[in-house]
Every structure is written in C-alpha cells, then in structure tokens.
Amino acid sequence: MSDFLFLIPLLPLAAFCINIVLGRSLIREHAHLISIPAVLGSWIVSVLVLLDLNDNENAISQRLFTWIPSGDFNVEVSLYADQLTAIMLMVVTTVGLLVHVYSVGYMHGDPGYYRFFSYLPLFVFSMLMLVLADNLLVLFVFWEAVGLCSYFLIGYYFRRRSANNAAKKAFIVNRIGDLGFGLGIMLAFWTFGTISFYGEDGLFEMAVEHEALGIAGGTMTAIGILLFIGACGKSAQFPLHVWLPDAMEGPTPVSALIHAATMVTAGIYMTARSYTIFISSETAMLFVAVIGAFTAVMAATIALTQNDIKRVVAYSTVSQLGYMAFALGTGAWVAAIFHLMTHAFFKGLLFLGCGSVIHGMHEEQDIRQMGGLRAHMPITFVTFLVGALANAGLIPLAGFWSKDEIIVGAWISDSPFGKVASVLGLIAAFLTALYMFRLVFLVFFGKPRYDTQQIHPHESGPWMTWPLILLVIPSLLIGFIGFPPEDGWFQHFLHHSFEHVEEHHVSLTMTVTFGVLSTIAAAGGIFVAWMTYSRGAISAEAVGERYPALYQFLLNKWYFDELYDRVLVRPMKTFSMFLWRIVDVGVIDAAVNGVATGIGGISQRLRHVQTGLVANYALAIALGMVLLVGVYFAGFSNLFR
Amino acid sequence: MSWDVVFFYLIAAVSIMTALGVVAARNPVHSGIFLILCFVNIAGIFVMMGAEFLAVIQIIVYTGAILVLVLFVIMLVDPEDLPSFHTAEPLQRYLSFMLGAVLLLEVGAAIVTRTAVGGGGEATPENIAAVGGNVQALGRVIYSRYLLAFEVTSLVLTVGVIGAVVLALPERLGERIGTRRSTISLSHTRGADLELPEGPRGETPINVDRNRPAPTPTPQRTLIMTKDPDAHTRVGGPSERRL
Amino acid sequence: MNEVTVEHFLFLSAALFIIGMMGVLTRRNILIIFMCIELMVAAVSVSLVAFAWESNTLDGQIFVLFALAIAAAEAAVGLGIILALSRRGKSVDVDQLHELRD
C-alpha cells in the first residue's frame, strides 16, 4: 500500500492540469468528468490506506524525490501516512468528492465552469499533500498552497468587487498567521536542527526529550505559541478570524469544502500533529485553550444576530473550530480530531443545504426574506434539520458524541483552564443550538416573508440533493465509531498517533453526567429558539431593543473589522502614501530626473563651444598641444628634477 | 666668429622678419611676396645644412609653382574689403599670442635640455662626396629604400590633380554633382496627419501631438514633405534634368 | 656660439613654426591662413633637415622631399576648394564660414 500513496495527491493534480490547460478550449462544461473520477480515485485509495492501517499499526510512507540537496541540509519530499493522516485523508476525500458532485448542479451554466473544476481539485491536491507531508517545509509549502486555492475560489466571481476584497482579506490575514508559523518553523529548525517530523531523529521525538537534550522550556513554549499563531490564521481563531465570514463571497460548494471541512481544519491538524511540542509546554497549551474557548463563545454570540444564511453557518464554523482548539489546548487530542471529523460532515451538510436554499430562492441569502420553505424544498429541509441537530449536539447524532467528549476531556484535564473551558463549552453549546434553530425556524418554518408572486422556490436537482442525502448518513451515525466515549474504535485507532499522551480514565458517572448536561444545554437552546421564532412567545425585537448597545455590538461582529481598519489598515495606507509620494516620487524619481535635467543643463552650456568657426577649433588644437607639451615637461621629463 | 655664424644669423633674421611680414601684411599679395622671400631664405638654410638638392627643389617647386599658384588664386578671388584683418574675437587674439609665447618657451626648454643626440649615421660629408654629391646620395637612397614611398607619392599627386580639376570645373557641370537643391524631410512623422485607428486597448500606435508646429523650410532650401521614405531617392529630384 | 650647432637651426624652426601658428589662429582671410600653413610646413622641414644633418643620415631630407610633394598636392586641392567657395558666392572670410554650427 505504501507504493500507492502517491496516487492520492497525484490524481487531483492531474485533473487540475488537464482542466486548466484544455478547459477553455476543449472541455468546457464537461470539466466535471475529469475532476470527479480523479477525486473518486483518491477516495478509493484513501479507504484502502485506512483499512491497511487498521490492520497493522505501523505508519506507511513513500519517498517521492529530493527537493533540496544542499550538503547537510537535505529536504526530501515524502508521503507519510499514519492513523491520524488516514482519518484526515478520509475526511478530505469524502467531503471533497461530495462537494464535486454537488458543484455539478450548483455551478451549472456558469461561464467559468472549467475554472471551478480546475481550482477545486487543485485545492484537494494541496490539502492532501499538506496532510501527507512529513517535514515542516513541505507542510508550509502546501499550507500556502491551500491559502492560494482559497484565494482563487473565494474570488471566483472576480467581477464582483466584494469578492475580490474578500479574497484579498483572506489571503492577507492568513499571511499574518503565516508570519508566526514561519517564525515557529525557523525556531524549530534552529532548536532541533532538523525539519523532519518522524523517526528517531525527527523533531517530534526530540521534542519529547527536550530536557535531556538541553532545550529550554521557554524555547518550546515559543515554538508552540508561534506554530499556533499560524493555526489561528488558517483556522480562523481570534484575533485572525475576520476573514472567514467574508469568505462567504465564494460559491457555496467552496464554503462547504474549504471553510468548513478541510482548509480551516489544517491548523487544527497541524497543532495535533505537533502535540509533542505542545505537551512540553504548559504555557503554550494554556494559550491554545484560552484562545479556543474565547473564540468558541465569541463566534456563537455573533452568530445569534446575523441575517445572512451563510454568515450564520460561517460563524458557527468559527465557534466549532474554537471547540477543537480548546480541546487541543486542554489535552483532549483525540477528542479534537473526533470533533474535526464529525464537524466536517455536518458542517459540510449545512453549507450544501444553504447552497440549495440559495439556489432555490434564486440567489437570495437574507433569512429575513425567507420563511416557510419546508413545503417547497422538502429534501433540503430534512437534511438541513439533521445537520442542525448534529451541530447543536443532540443525542444520538454525531455532534453530540464529539462535543461531549471535548467537554469531558477539558473537565478532567490537568490544565488549569480546563474547568473554565468546560463550562464555556457548555455555554457555547447552548448558544449553538439557539442560533442553529433560529436559522431553521426562520428559513423553513413560518409564513413566507418574501413576495410569493415573484419568487417561486423550487427543490434542487439530483446532482445537488444526492450529496445532501449522502451526508446525512455520517451526520447521524459516525458518532458511533467513538462509542463508548473514551473507549471506542476511534480512540484506539488514533492512540497510535498520540503515543505520548497519558491516558485519563473517565468514570461512568462523569460520562453520564456530562452527557445529560450537554443534552440539556442543547435542548434548552432549541426550546428557546422555538419559543422565540416559531411560537413567537418571546420577541426577538424586544430583546434587541432592550439592550441596543449589546445588540449592535453583536450585530457588527464585535467591531473587529472597524478596529483593524482604524489601527492597522489606515496607518498602513498613510505610510504607503508617504513612501510613494515622498520617497519614491519625491526622492528617487526626482534624483533620476534631476540627473537627466542636470545633464541637459550642462549640455546647454557646453553647446556654446561649437561655434562652427574653424579658427576657434584651430585655437583649441593649439591650446591642447601646448598643454600636452607642458604636461610632458612637468611630469615625464627631467626638466624639473 | 666664423663666417658660418654670421651667415646663419643673417639668413635667420631675414627669414623671421619675412615670416612676420606674412602674418602681418594687410594686402594678401604682400603676404605672398613675403612668403616667397621667406622660402628663399629657407633654401639658404638648407644649403647651410648640406641639403643642396632640397634647397633647389624648394625654390623651384614651392616658390616657383605653389606660391605662384597662390598668387593667381588671390587675384582670381574677389577682393574683399576687410575692415579688420584680425579675427573678430579679442579672446582668440590674446589667447593665440599667449599660446605662441608659451609654446616658444616650452620648445626652447626642450631644445636646451635635449639629451637624445643623434649620431653615427653613414652619410658623413666624406661619404657623400665620395658618392658624387648630395643629389647622387639622395638618389641612391630613394630608389632603394624608399621606393614604395616614391611610388605612392606619385599616386597622391595624380589624385591631387584629379581633385583640383574636379573642384575647378565650371559652374554648370559642378552643380549637377554637388548641390542638392531641396531637403527631403522625413520629419513628417508617420501618419501624423492621418487618422490612425486606436488599438484594441484604446492606445494609439504613436505619440501624436497634433499641436506640434510643423517643420519650416529655410530660405535657401525648399522643403519636400514626404510620407514615403522611398520617394525622392535620387539627388536633386525631378528638377535634375536640366543641364 | 662660435659654431653653428643644431640648436640654432632648431630655434629658428621653432620660431618660424610659432609665427605660422599665430597667423593661422589670428587672420581672417582664408588665403593668408593657407600661406601660414605652408610656412609651418617649411619650418618643420628645417627642423627635419637639421636633425638629419646632425646625425649624418639622409632620412630627414628624404622626408622633407616627400613632404614637399604632398604639400604641392595639398595646395592644389586646397586652392581648388577656395576657388569653388568663392564661386558659390561665399566670402573668404573665415568668420563667415560657420556651417559646421548649423
């Protein structure tokens, strides 16, 4: 099986190459016939890898080629797959495949069809290589590559100014995170002397024995924090979360694939992969946990007030990523990956459902203009409902098991922040259920708030509904691979990837107690939503009017964008204008032009030598001759010696 | 004080005075006469140095032919009334006097401090007398060692003759060859008065400034505005045919 | 000073050359300029023959002979140019011939 690892990234890459070269001329609207089989092939090989790794515990790897052979510093590109990798491969290829199928229906008739179906496999290729990378440099390269693909896909409707701005924002905010990531890589290389992950002299093993190697704890903290800053950028944690809601400018399949299931989880994956670095430093873990918990609650509060259907789900993604982050920060590594996996499925389902709604409402995205779509779009309704229930974490859906495990894991962890994080997780669970079902009730229930004469919503075609239906299955059932909690197949499977983590034993009472608490929180949220938006017993407007400042604060996303604009963007712009006007035009251009003008002036003055009179020229000759003879006498003869 | 020295100073004095006369004379004919006298004196110098052949040649060729030619040309050229015979700019005059003085000092210093002294040649007066005199000795050397220079000089003289003949041709024949009556102006920038279409991206192919002043013809020459660089290739153009 | 040495001739040659040079630089009539140039050539001839006389060779004299011949050709051509100039109606005043400037 290790010999076939290269097929996993190669097939989508080949699809990209074919589509981008021949797409406009030859393939055009049949581009999906190239991409879908490619991703399907990757999926099949990923399944085989998973089965292979289930049987034997050792990781498999395949060396591809040497990238930088430079004396002692040898960078090889190899593919490495262990159990964590296998889970990620399954997530990426499954959701990727279903999104490809969905896009056939969603992007039908779009003039840039072939372009979409070339960027999408390019993204899948980059993400797969990121997951399969076995050293920091290759990881970083594909980290940037997924950011690049995200830029392409967010700005897919490039004629729209807002889409261009959103793409730029995403890329630039990512870049800021990548500054931290890059510094972390450099520090790691400087500390450990290697960038390879695995093996006896890989940096993960060295991180475990860092005290024996004489590496200071402070260095490990620094490396951990810097790496996590990179993860903040990619996984949209506070304070670099601002790009994700704007990234909803891209087509909905893009949101489903990149901003729910795969790219944003790259940060979580990278942090989980580097767990040995993090467990060496309590401060770094605390940092991760605090940021994660804060993000989870903050995003949930913002999602309560948003009116764009995709933005609600986007903030939900940020919140769930916060869950994963604080799970990592409190030492619940397996729980974080579990939640990553379940979240990929139900969030993907939710986004694709949003896309179906938007498509059916003829590109309407404001939920205040929707209502009562249950009757018109039944399949979408049912699948969306399942996704919402999973997101809210209602037993026995997938979201419950993973979220519960995170909360329990945080409670029993050694981290000083664990209990606080656990409580914050419960609060966020309540809020999650609340805003998800606010969405459900406002969109699918109630009286239509749109003009029924003008707009006739319709159910989407089979290319779009079948992926929805297929995603319902994991949303319902995949939680059970982690059952019983802490002791299921999933936990044992991943144990090999997290060997240096101490096992905590959880008592049954604690498990049941927290299960009940989570269910109460979720059900409570659903109930409040029902009372407010379906029954109308609580008026949302009244609440909003009672606390206008709070409402405005939440509606404007905690004013983060305005803050960044004031503090960062405007000074930068002023500085750039200064550099342009004063330095570039005033100094550099003026110097160059000044030289030219100066030479022109000198030429004007020297022009008068050309009188045209032979007598003057003869005089010049005679003068020169006299001078030369004089110089000869003065310097080179023995006249004056 | 031998007679040589006396003669030398005499001849030298006369030659310098006549040279000054060449430079300072108002009338060009006077200048020519002074130059003839100067050359005669220089011939005397040559005789003092044992170059009798050269002295005679100098008188026959230089004074007898060249200077007579100069005098003829002076008489052929329209006499002009020159208000002042020195060049107009005082700077030129003063500078040239100064240069002359400085150069004289420099060359004098060079002569006085001369260390490279020639000597040891075979043409001592006894050898020359043995061969039969200056002419014979010169003849021997020219026709053996400097034969090529001799032949080339004859070629140069031939070319000079041809050149002189061409330059002195009568008016009508000369005009045909020399003068270009008109100036062909390709300064008419390509299509500057044509309306060229704009390019696909909205640009024009050249920088056309419609307010640029057109080039003006000077009084002596007419200006032919042409758009095609291959027109008017023959010198003189269509007006060439008259003779 | 009891004997005529090479230095005497060299001084004479220098004096004649400088006088000729000043004439070239100062006068306006082109024919007089031409004659001053001839004077300069003659001065150099004196110098050449003086060196030949001092070193007992004939090369200097042969040089002068050829220079004389070339000067003859040069005179012919130069005077032809001057004649052509005056025929075109241009004056022989050097200060009026400034077409090199335009």
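Numbered from 1 within each chain, the chains take letters A, B, ... in sequence-line order.
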Using non-hydrogen atoms only, which part of [X] is less than 4.5 Å away from chain B: side chain, backbone, both, or neither?
X       : answer
C:Met21 : side chain
C:Glu74 : neither
C:Leu31 : side chain
C:Val6  : side chain
C:Leu58 : both
C:Ile32 : side chain
C:Phe11 : both
C:Ile81 : both

Distance in Å, B:Thr63 OG1 paired with C:Glu38 CD, rounded so as to fall on 0.5 Å steps: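 Here the interatomic distance stands at 12.0 Å.
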
At a heavy-atom distance under 4.5 Å, which candidate from [options] has the highest pair count against chain C?
options                                : value
B:Gly160, B:Gly100, B:Ala164, B:Ala137 : B:Gly100
B:Val159, B:Leu157, B:Val61            : B:Leu157
B:Val22, B:Thr153, B:Thr158            : B:Thr153
B:Leu69, B:Val107, B:Leu67             : B:Leu69

Max heavy-atom pair count under 4.5 Å with chain B, selected residue of C:Leu65, C:Val24, C:Ile70: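 Most pairs with chain B among the choices: C:Leu65.
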
B:Leu35 versus chain C, the contacting section by heavy-atom distance below 4.5 Å: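 For B:Leu35, side-chain heavy atoms alone lie under 4.5 Å from chain C.
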
